[in-house]
Amino acid sequence: MAHLFRDLSLGHSKRESTPPPPPLQTKPPPMPTNKLTPTDLRSPLGQLASQLTDSDLRLTAYDVFLAVCRTSASKPLSTSASSISDSPSQNSPGQNHNHSPSSPALQRSLTSAAASKMKKALGLKSPGSKKSPGSAPGSGQGKSKRPTTVGELMRIQMRVPESVDARVRRALLRIGGGLVGRRIESVVLPLELLQQLKQSDFSDQQEYDAWQKRNLRVLEAGLLLHPRVPLDKSNNASQRLRQIIHAALDRPIETGKNNESMQVLRSAVMSLASRSDGSLSDSCHWADCIPLNLRLYEMLLETCFDINDETSIVEEVDELMEQIKKTWVILGINQMLHNLCFAWVLFHRFVSTGQVEMDLLYAADGQLAEVAKDAKTTRDPEYSKILSSTLSSILGWAEKRLLAYHDTFDSGNVYTMQGIVSLGVSAAKVLVEDVSTEYRRKRKEVDRMEKADSSRRASKNQPNPLPVLAILAKDVGELAVHEKQVFSPILKGWHPLAAGVAVATLHSCYANEIKQFISGITELTPDAVQVLRAADKLEKDLVQIAVEDAVDSDDGGKAIIREMPPYEAETAIANLVKGWIKTRLDRLKEWVDRNLQQEVWNPQANQEGYALSAVETLRIIDETLDAFFQLPIPAHPALLPDVIVGLDKCLQYYVIKAKSGCASRNTYIPTMPALTRCEIGSKFQGVWKKKEKSQNTQKRNSQVATMNGDKSFGIPQLCVRINTLHHIRSEMDVLEKRIVTHLRNCESAHLEDFSNGLSKRFELTPAACVEGVQQLSEAVAYRIVFHDLSHVLWDGLYVGEPSSSRIDPLLQELEQNLLVISETVHDRVRTRIITDIMKASCDGFLLVLLAGGPSRAFSRQDSQIIEDDFKALKDLFWANGDGLPADLIDKFSATVRDVLPLFRTDTESLIERFKRVTLEAYGSSARSRLPLPPTSGQWNPTEPNTLLRVLCYRNDEAASRFLKKTYNLPKKL
């Protein structure tokens, strides 16, 4: 794993600082009542004879961790000067202040770029979105930050205050400066710490005394109580050390100096620690003795669990474990002891956290597989003793729960049974060569009990009157659930489809009764429904159990399912229900036809401004859905699509009828007159314009009379239709949510019924509503601009002299129409309609300028009037910020804005531009004679027809001459 994090290691980050962790407690915090207490499951790793608390062991383990991680294994301690010095006055000129007190390993930063191999291998989860170790409550003032180095992470995980961490690092720096060339395992760390630190290094006398006593007790445990090399009773050094420690516990000695008391202590300690254990190394043996080393290592392994989520492994476990393993040289740990200790730590964490995190149990079981491999390769008596103690503790705990599994497991925790069985078997396989005989005996007993129970239940269900079949279905279902929950997880170890075989047998037994009953059914009576629903529920439950049990089999459970032919309970009533659905839908469609014929689309019919016929239609649909889900049938999800498709078609029919006959935008756009050229300076020009205006007015009045024949198509009525379609579209979401609610209350619904595209089932009506609102909105807009306001737009704007026929009358009437629209339409569609009115107004404005007929002519001087009028038109829709958004106005007025500069361009430039773009459009064929560009209606300053129309309405001799010569255009129609 180390190669994934070559640049990761211990040490303080220079970029971030993490607040200090909570102060170390001398006693573990109280656990909830549902968790393990220390007396429930004692550590099999051994009990210390000394008075070292968990807090003492944790701090000592941290000292060891820092010491070994300052240098890589088998390398001498660094002599670099510390940047964390004793005090400023102690820095000498010869010291190098550019080095850290830590080794290169202590300077590398954490990274989480790759997923942890260890967690992936063990199947363990990460803390995820929970707080990082650096953000624990009470961890200091200010904003909490995630630790950026393994050293910082370890300090936080072990709850070591920053002041303690800094003090240990200073001491290690001094130790390294005086022991050049020696390996870290050749140092008795507590002795060297006592030698380097004095009372002034601590905040108060109480902290100093506690620190000194802890280190002395560690020396006592490692050298006297649990020595690596057994002590001779005549060993003077051991007697002398025992006297020194006992005296110092009563009256602290003066540390931090090379005084007589420290020299005596050093002599005794080194005499005992330097004794050879038979190996050729020069290691000192002070912490490599069982159980001290295992307890210290246990403390280090516990740091792999996040302090804020006690069931989760930290993200940085790979690099953290890489550094922890460096302590092996001091603690005398090897891979076998590591595997055993780690298995115990995982198991103990599962038990102590309430037995809810199964990942921990499975990880412990997986680690036991490694322990089993180790046990086959060694005969070490010390290892065997710890192995036996650990596995016996695990197996004893598992057996205690499994022997009384009826009391231990219920529906809330039965999922832990398989894991506990597996863990117990794994432990037993290592302790006992073969445990299969005992389990086979228990399996036979279970089989016998199962058959007896099935026979007892079947004997109660002889041929009975109708309701008894429903009772029988309930009993069979309870038996299947009991089998699945209690026996199948265990029996699956002997039969891969234990649950599937059991439910297939139960299914076959009930099929004999229910099929005979279905063959005699003629109508849907309450008793029949009761039996059919019970049978349908039973079959679904049995099939579901069989499918789940066979999900990992080669054929996916097909063989088991083939042994369970369906009861056809739903089919027996499906045709009757479909007939009921058809009758309801036919009745609804007749009602829609009748009510739409009577609908007047009155804006004052209700406060919401939509048609009463729509309200009634939706109410009937609601009632239809309620009635459908109240049917006492087991097949609601299966038949629901028929209901929704029918209702969707009925609503679509209503929408189509509601918008029919309302015309569209093209209905109201006037036909563009033929192209003409201006007659310059003619005294009859005004007469022609007045005559043209009169003709246009007569034609328009005829159209108005035709369209106003039916009051149900007026602007207020069209607005009501728009409101109605919008209301129906909005109610689609409500209907779909109501259907989901009905389904949730439906016993026969499954998860796939909620995720099977329910929102897409109403496909016709939403699309019809969107299309209808768009059509009606454009119809309203273009009707107002080109029909209702034609007398001030088409027949009035810029007719005759532009300066005397400006846009003000149009704006006044347009504003009145906008007020009517705002008061009538729903808020959610108001912006849409007003935007369409603005688009229609811009189209009308351009149509007047480019296709207004011989009654209009513009000089270059008129361009300012046109631009001012256009600005006034936009300001009307902007309404000082209360109207349409400015970006929306700019978007839909872009065409007008692009075309208007042509009206202030000189004629010669326009002619040249027209020639150029025409030649570009038609190529060399246009060189001899310019073709007349067709009218596309897509106005653009670079489009030939647009340029031609500007020239047609240019009140200029040069323009008129060019048009006469090139196209022989007339001066009047």
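Computed from heavy atoms alone, side chains included, the values below leave out hydrogens, waters and symmetry copies.
Interatomic distance, Leu538 CG to Glu478 CD, rounded to the nearest 0.5 Å: 11.0 Å. Separation of atoms OG1 (Thr667) and CD (Glu778) is listed at 11.0 Å; rounding is to 0.5 Å. Separation of atoms CD1 (Ile821) and CG (Asp836) is listed at 10.5 Å; rounding is to 0.5 Å. One distance of note links CZ of Arg665 with OG of Ser777; it measures 11.0 Å at 0.5 Å rounding. In this structure, Leu585 CG and Ile581 CD1 are separated by 7.0 Å, a value rounded to the nearest 0.5 Å. Atom CG in Leu612 sits 12.0 Å away from atom CD in Gln598 (nearest 0.5 Å).
Using a distance-only test at 3.5 Å, with no hydrogens or angles considered, a donor-acceptor pair links the side chain of Tyr654 to the main chain of Ala614. Panel note: side chain Asp536, backbone Ala569; no donor-acceptor pair is recorded below 3.5 Å. In this structure, Arg830 contributes its side chain and Ser822 its backbone to a donor-acceptor pair below 3.5 Å. At least one donor-acceptor pair under 3.5 Å links the side chain of Asn723 to the backbone N or O of Gly609. Side-chain atoms of Gln775 come within 3.5 Å of backbone atoms of Ala663 as a donor-acceptor pair (strictly under, hydrogens ignored). With hydrogens and angles disregarded, no donor-acceptor distance shorter than 3.5 Å links the side chain of Asp549 to the backbone of Ile545. Judged by distance alone, the side chain of Tyr510 and the main-chain N or O of Leu469 form a donor-acceptor pair under 3.5 Å.
Sequence neighbours left out, the pairs with a member in residues 763-785 that pass ring pair (Phe, Tyr, Trp, His ring centres under 6.0 Å) are Tyr782-Phe786.
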Test Asp586 against Lys582 for salt bridge (charged side-chain N to carboxylate O under 4.0 Å, His left out), laying out the working first. CA-CA 6 Å; Asp586 289 344; Lys582 185 178 184 302; 3.0 Å; yes
List the steps, then state whether salt bridge (charged side-chain N to carboxylate O under 4.0 Å, His left out) holds for Asp541 with Lys537. CA-CA 6 Å; Asp541 291 342; Lys537 181 180 183 303; 3.0 Å; yes
Could you walk me through whether Ile739 and Phe762 pass side-chain contact (heavy atoms from CB on, under 4.5 Å), step by step? CA-CA 11 Å; Ile739 291 171; Phe762 279 98; 3.7 Å; yes
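Summarising the local packing, NZ of Lys515 is surrounded by more than 12 heavy atoms from other residues, nucleotides or ligands at distances under 6.0 Å. Within a 6.0 Å sphere centred on CG of Asp827, heavy atoms belonging to other residues, nucleotides or ligands number more than 12. Atom CD of Glu623 has more than 12 heavy atoms from other residues, nucleotides or ligands within 6.0 Å. Shown here is Glu616, whose CD atom has more than 12 heavy atoms of other residues, nucleotides or ligands within 6.0 Å.
The side-chain contact (heavy atoms from CB on, under 4.5 Å) test with Ser613 singles out one residue from Leu596, Leu618, Thr724, Val592, and that residue is Leu596.
Taking each heavy atom of Lys659 and Gly772 in turn, the nearest pair found is CD-CA, 3.8 Å. Here the closest heavy-atom approach between residue Asp642 and residue Lys578 is recorded as OD2-CE, 3.4 Å. For the residue pair Pro603 and Val720, the shortest heavy atom distance occurs at CA-CG2, 3.5 Å. Annotation for Cys769 and Ile728: closest pair SG-CG2, 3.8 Å, computed over non-hydrogen atoms. Heavy-atom minimum distance, Val820 versus Thr824: O-OG1, 2.7 Å.
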Please table the atom pairs, donor to acceptor, closer than 3.5 Å between any side-chain atom in residues 499-507 and protein atoms at least two apart or in another chain.
unit_1: Thr505; atom_1: OG1; unit_2: Val501; atom_2: O; d: 3.0
unit_1: His507; atom_1: NE2; unit_2: Glu539; atom_2: OE2; d: 3.1

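Classified by interplanar angle (parallel below 30°, tilted 30° to 60°, perpendicular above 60°), the ring pair His742/Phe629 is parallel.
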